[in-house]
Amino acid sequence: MRLSKKFYNRKTLTVARELPGKYLVRRIGRKTIVGMITETEAYCGFRDLASHASKGLTPRTKTMFGPAGHAYVYMIYGMYHCLNIVTEKEGYPAAVLIRSVAINDRQGTVVDGKKNKLLNGPGKVCREFKIDKKLNAVDMCRSGELWIEEHGGEIKPNQIKKGKRIGIDYAGKWKNKLWRFYI
DNA sequence: TATACGATCACCT
DNA sequence: GGTGATCGTATAC
């Protein structure tokens with residue numbers, strides 16, 4: 001079942017904690033790619049120095065200020081894209097970064113010599129799912145191209161671990177927050 | 001108009 | 001462990 005706006009329109013940490021174990025679905029024409037989310041990070045509020053939104057509202061970060069359930073896609077290092085999902089109410093800048101996804105192909109197709117493929121890193125996730133700026137600001141509650149499903153029962157809450165966020169050494173005290181969730 | 005740098009990855013030592 | 005690739009964005013002139 002597809003996650004509704006109700007799911008995303010809650011506290012960012014709650015959404016980030018519950019997303020691991022859910023399924024990211026990407027439809028391109030007739031082809032569908034499905035992967036289980038295995039790692040997320042929360043970025044929330046004006047004061048979080050690790051969040052792009054701490055610099056204020058700009059054309060780039062506008063999506064993060066928008067309604068919950070929208071995809072926030074941005075380019076990093078000129079070569080990679082990162083996928084985020086906007087959370088909380090419109091006007092409050094918050095999002096959950098999808099850091100890692102495990103592809104379990106339902107048809108059993110071999111991917112990279114293995115049946116299962118772990119996409120550990122937001123850049124790899126976006127490369128595999130063919131996510132780029134065109135998907136920025138799409139409504140994941142309604143889009144026919146990108147959304148998240150819940151199948152239920154696969155992951156128990158006690159399998160989800162938490163830790164410090166990664167790659168944000170510049171964020172001062174904010175870098176030590178335990179806002180990263182993974183399986 | 002120009003410049004510096006980043007929520008990364010791959011490849012080098 | 002360290003660094004180059006490579007470009008959109010923010011910030012500074």
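First the proteins, then the strands, lettered A, B, ... as listed; each starts at 1.
Residues of residues 45-52 of chain A that place a heavy atom closer than 4.0 Å to DNA chain B, in numerical order, are A50(A), H52(A). Heavy-atom distances under 4.0 Å link DNA chain C to no residue of residues 87-100 of chain A. Applying a 4.0 Å cut-off to non-hydrogen atoms, the residues of residues 168-176 of chain A that approach DNA chain B are I168(A), Y170(A), listed by residue number.
K22(A) meets the salt bridge (charged side-chain N to carboxylate O under 4.0 Å, His left out) test with E150(A); sequence neighbours excluded. Residues that satisfy the salt bridge (charged side-chain N to carboxylate O under 4.0 Å, His left out) test with R10(A), not counting sequence neighbours, are E18(A). In terms of the salt bridge (charged side-chain N to carboxylate O under 4.0 Å, His left out) criterion, R60(A) has no residue partners (sequence neighbours excluded). Not counting sequence neighbours, the partners of W147(A) by the side-chain hydrogen bond (donor to acceptor under 3.5 Å, both in side chains) test are E149(A). Under the salt bridge (charged side-chain N to carboxylate O under 4.0 Å, His left out) criterion, K134(A) pairs with D132(A), not counting sequence neighbours.
As a whole-Å value, the separation of E128(A) CD from dT8(B) C1' is 16 Å. Rounded to whole Å, the distance from NZ on K124(A) to C1' on dA7(B) is 16 Å. Between the CG atom of L119(A) and the C1' atom of dC9(B) there is a distance of 13 Å, given to the nearest Å. Here the P atom of nucleotide dT8(B) and the CZ atom of R180(A) are 11 Å apart, to the nearest Å.
Defined by atom type and a distance below 3.5 Å, a donor-acceptor pair is missing between the side-chain atoms of S54(A) and S51(A). N120(A) and S100(A) share no donor-acceptor pair across their side chains, judged by distance under 3.5 Å alone.
Taking each heavy atom of M140(A) and L24(A) in turn, the nearest pair found is CE-CD1, 4.1 Å. The heavy-atom pair separating A95(A) from T87(A) by the smallest distance is N-OG1, 3.8 Å.
Within the structure, salt bridge (Lys or Arg N to Asp or Glu O under 4.0 Å) pairs that include any residue of residues 31-49 of chain A comprise E39(A)-R99(A), E39(A)-R180(A), E41(A)-R99(A), D48(A)-R165(A) (at least two apart or interchain).
The residue R127(A) sits close only to the backbone: its heavy atoms come under 4.0 Å of sugar-phosphate atoms, none of a base.
Looking at R27(A), its side chain never comes within 3.5 Å of a backbone N or O of I33(A) through a donor-acceptor pair.
Criterion: ILVMFWY side-chain heavy atoms under 4.5 Å apart, direct or through other members. Under it, L83(A) and V101(A) are part of a common hydrophobic cluster. The hydrophobic cluster containing I28(A) also contains L119(A), counting ILVMFWY residues as joined when their side-chain heavy atoms lie under 4.5 angstrom apart, directly or transitively.
Inter-residue side-chain proximity for V34(A) and I103(A) is flagged as unmet; no heavy-atom pair is nearer than 4.5 Å. Taking the side chain as every heavy atom from C-beta outward, I85(A) and I98(A) approach each other to under 4.5 Å.
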Inset, instruction - Assign a letter to each nucleotide of nucleotides 7-13 of chain C from its 5' end: B, base within under 4.0 Å of a protein heavy atom; S, sugar-phosphate only; -, no contact. - result: BSSSS--
Legend entry - Under the 3.5 Å Watson-Crick or G-U criterion, the dot-bracket string of DNA chain B, with | for inter-strand pairs: ||||||.|||||.
Distance-only donor-acceptor pairs under 3.5 Å for side chains of residues 66-81 of chain A, two or more places apart:
unit_1: Y72(A); atom_1: OH; unit_2: H52(A); atom_2: ND1; d: 3.1

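For the P atoms, the distance from dT3(C) to dC5(B) is 15 Å, rounded to whole Å.
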